[in-house]
Protein chains: 2
Amino acid sequence: MIERSETKVSILNAAEMLFGRKGFDATSLRDITAEAQVNLAAVNYHFQSKDSLIDAVIQRRIEPLNDRRLAMLDEAGAHPTIEQIVHAFAAPVVEADLSPIVPLMGRILSTPDQFVSRVFKKHLNIVAQRFTEAMAKAVPDLSPAERMWRFHFMAGAMAHVLSWSHLLGELTGGVCDASDRKAITSRLVKFVAAGFRAPEGN
Amino acid sequence: MIERSETKVSILNAAEMLFGRKGFDATSLRDITAEAQVNLAAVNYHFQSKDSLIDAVIQRRIEPLNDRRLAMLDEAGAHPTIEQIVHAFAAPVVEADLSPIVPLMGRILSTPDQFVSRVFKKHLNIVAQRFTEAMAKAVPDLSPAERMWRFHFMAGAMAHVLSWSHLLGELTGGVCDASDRKAITSRLVKFVAAGFRAPEGN
DNA sequence: GTCTATAGGTTGATAGAC
DNA sequence: GTCTATCAACCTATAGAC
């Protein structure tokens with residue numbers, strides 16, 4: 001059933017780390033096999049191609065992640081506040097136990113072109129729909145278009161701190177401490193929720 | 001026969017378009033010379049390397065952009081509101097006349113690792129400092145760390161809509177119209193300003 | 001399943017004719 | 001300044017020995 005070889009997992013681990021750190025295009029299969037300490041041909045044996053490997057790397061993480069998001073949204077009840085909604089969306093990523101997935105997810109969110117078809121339409125449609133519905137109840141005064149835009153503002157703010165998390169400390173002279181994940185979620189939730197509560201105006 | 005600057009400008013134009021659309025790693029010099037309808041060797045003649053070309057592409061756009069940002073910040077007076085500050089930061093990019101720079105800037109902001117040294121420390125330090133100072137006056141109740149985090153939330157929200165602008169229409173079934181740039185700025189400013197005004201709390 | 005070896009293609013960069 | 005031709009290095013992917 002779940003017969004996963006040691007080699008296969010090593011490749012996935014090395015790949016997600018390097019993809020997150022250097023990007024998908026800039027990471028070669030040789031980089032991955034060197035990091036994983038396996039043979040080059042093992043990649044094409046276990047996965048068929050680099051493209052399929054990318055899919056496998058993403059899929060391994062994004063499914064439990066989205067399950068967790070939906071579970072947290074359910075736990076918030078039938079009428080969650082906007083704070084609870086944003087928290088359910090962000091916390092599973094920002095506070096993820098497995099640190100390599102943080103830069104990986106930031107990378108995916110930041111380079112939509114290659115992944116919008118293979119990732120978003122496949123794994124994120126249900127999530128987006130459920131969260132959009134919840135937001136429609138939590139901030140009913142906003143027009144659907146405005147809610148959609150703000151949803152993307154939220155996703156962007158989150159993606160940015162994911163992508164930059166390992167640089168923010170150095171870049172801000174130690175002012176931003178990216179190690180306390182729960183604190184980041186808390187700051188993000190406050191900021192985004194206030195943004196969602198802003199009157200739409202014209 | 002053609003003036004000697006025409007080739008160079010053609011290369012820069014083609015490069016910024018392709019870099020923005022496909023990313024820096026995924027764009028080859030052959031892609032660029034084909035698009036610019038110039039010879040392959042012209043790239044290495046006018047610019048020394050692909051790396052230097054990337055620098056030139058970025059530098060050509062980022063300097064007038066940052067000048068415009070600082071000018072708008074000055075125009076807002078000695079004590080600008082947070083709305084004015086956010087507008088001065090975002091409008092010059094989001095409403096840029098030259099459309100190729102929109103995805104280009106989104107790409108730069110989304111892939112910090114390769115550019116944090118060559119771009120941010122070189123061109124963005126002064127901008128970040130001036131805007132941080134203005135924010136300290138506009139929202140003085142926030143701790144410096146909180147202001148810094150919210151600055152990055154703002155940058156992320158902006159970068160995201162820049163990167164996704166050409167996809168948002170299709171992805172949202174036409175709900176999000178990315179063609180009206182001023183409307184995007186307006187939405188972004190309202191959202192971010194409300195986020196900045198949120199009490200810090202603990 | 002794991003390896004070596006290599007095919008077959010693309011890349012960035014250069015040399016040298018004109 | 002512009003071109004053709006080419007290099008060495010790298011890439012993904014595969015074939016075949018063990």
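Protein chains get the first letters and strands the later ones, always in sequence-line order, with residue 1 at the start of each. Since we're looking at a predicted model, the values are computed, not measured.
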Under 4.0 Å between a side-chain N or O of N44(B) and OP1 or OP2 of dG12(C)? no
Atom pair distance, as rounded to whole Å: CG in N39(A) and C1' in dA15(D): 14 Å
Between dG16(C) atom P and Y45(B) atom OH, what is the distance in whole Å? 17 Å
Nearest to side-chain heavy atoms of R30(B), which nucleotide of dG12(C), dC3(C), dT4(D): dG12(C)
Could you check whether K50(B) makes a cation-pi contact with F24(B), meaning its NZ or CZ is under 6.0 Å from the centre of the six-membered ring and within 45° of the ring axis? no
Toward the 5' end of DNA chain D, by each residue's nearest nucleotide, T27(A) or A42(B): A42(B)
What is the distance from CZ of F47(B) to P of dT14(C), rounded to the nearest Å? 15 Å
Measure from CG on L40(B) to C1' on dG1(D) and round the result to the nearest Å. 15 Å
Over how many whole Å does the gap from Q37(B) atom CD to dT2(D) atom P extend? 15 Å
Decide whether a cation-pi geometry holds between R150(A) and F191(B); the criteria are a distance under 6.0 Å from NZ or CZ to the six-membered ring centre and an angle within 45° of the ring axis. no
If we ignore angles and hydrogens, is there a donor and acceptor under 3.5 Å between the side chains of D55(A) and S52(A)? no
Whether H46(A) contacts dG1(C) is assessed here as follows: a side-chain N or O lying under 4.0 Å from the phosphate OP1 or OP2. Is that the case? no
Rounded distance (Å) that lies between atom P of dA13(C) and atom CD1 of I11(B): 13 Å
Are S28(B) and dT11(C) close enough that a side-chain N or O sits under 4.0 Å from OP1 or OP2? yes
Is any side-chain nitrogen or oxygen of T7(A) closer than 4.0 Å to OP1 or OP2 of dT2(C)? yes
Please determine if K8(B) forms a cation-pi arrangement with F47(B), meaning its NZ or CZ atom is less than 6.0 Å from the six-membered ring centre and no more than 45° off the ring axis. yes
